[in-house]
Amino acid sequence: MQLIDGKKTAATIREQIAVDVKELLNKGGKAPHLVAVIVGNDGASHTYVNGKIKACELAGFKSGLVQFDADVTEEKLLQTVKELNEDDEVDGFIVQLPLPDHIDEKKVTEAINPDKDVDGFHPTNIGRMVLGLPTFLPATPFGILQLLEHYNIETSGKHCVVVGRSHIVGTPMTLLMSRKGNPGNCTVTMAHSRTKDLKEETLRADILIAALGKPGFITKDMVKEGAVVIDVGTTRVADATKKRGYAVKGDVLFDEVAEKCSFITPVPGGVGPMTIVSLLKNTLISAQRRQGLES
Ligand code: GUN
């Protein structure tokens, strides 16, 4: 079994991004500028956003954070999106999800200028991804593709099973693994909460991508010998032995599943760091495009 080290891979990619930023500056350009918008006090969302801002600093980006209380109106949030769309200094921005129930997430996503939608969630960018046109790929699936590539994991002709159908991970992942290219060319099954015999499906997976948000859900008996297992789960579970009072758990019961795998991602330190670095990559691309200084 080989452990897929997302932290190390992300650090390598981030170093390359930092080199690209220097090159952009040497050509007379400006550092990429990413802004994150966050609503409310959800601890996990704040952790993710802080990680994104910190990564910006490490890569030489300019970053900004817009914070609202949970009771901010949809109108106010849409106004902020409009201002960020129009702010020439901003290359890309994200609105951290989930949003409180009184705000229509779809409406907010659709209000973002697709050219600054470095999350790749706008319908235009999803459509471009489906058609294989240049676009911003959603950060988590993009990060997983880069991990597969970095570890030279063969995907062509393999059976990939994606568990979960979220717009952020499961749906784009399914599409990207099936499309022509490397990584890609898989036969893909998308499984979800209504799948009849999930174990029957997961046991067919050469590559199993778990993105359902249920800690420890994927057990040894659900995994084929020699499978590649990618764990997207990051659920906070109460743990009194930890300083913070919780541990972050993946969707895969790592200790028992790892022994059956050819490759496996840990949680934390697997997919998470790659998500952040992919967001930086998208923002760099946006900055290069906007300044007409593509490398
Ligand atoms: N919430 C969970 N993952 C993401 C992400 O990649 N982008 C945003 N905006 N919100 C998220």
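As the structure lists them, so they are numbered: ligands from 1, and atoms in each ligand from 1. Atom set for the values below is all heavy atoms of this structure, side chains included, hydrogens, waters and symmetry mates excluded.
At least one N or O atom of Gln96 sits closer than 3.5 Å to an N or O atom of ligand 1. Where the criterion is an N or O separation shorter than 3.5 Å, residue side chain and backbone included, Leu97 meets it with respect to ligand 1.
Listed for the Ser278 side chain is no donor-acceptor partner under 3.5 Å among the backbone atoms of Thr140.
Shown in contact with Phe121 at under 4.0 Å from a heavy atom are these atoms of ligand 1, numbered in order with element: 5 (C), 6 (O), 7 (N), 8 (C), 9 (N).
Contacts between Val95 and ligand 1, counted as non-hydrogen atom pairs separated by less than 4.0 Å, involve the backbone only. Under 4.0 Å from ligand 1, the heavy atoms of Asp119 that appear belong solely to its side chain.
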- Item | Lys116 and Asp91: CA distance, side-chain angles, deciding distance, salt bridge (Lys or Arg N to Asp or Glu O under 4.0 Å) verdict | CA-CA 6 Å; Lys116 291 191 178 187; Asp91 295 303; over 6 Å; no

- Using the salt bridge (Lys or Arg N to Asp or Glu O under 4.0 Å) rule, take Glu200 and Arg204 through it: C-alpha gap first, then chi angles, then the decisive distance, then the call. CA-CA 7 Å; Glu200 190 180 312; Arg204 291 167 61 213; over 6 Å; no

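The list of salt bridge (Lys or Arg N to Asp or Glu O under 4.0 Å) pairs with a residue in residues 16-44, not counting sequence neighbours, reads Glu23-Lys27, Lys30-Glu89.
Nearest heavy atoms, Phe136 versus Asp115: CE1-O, 3.5 Å.
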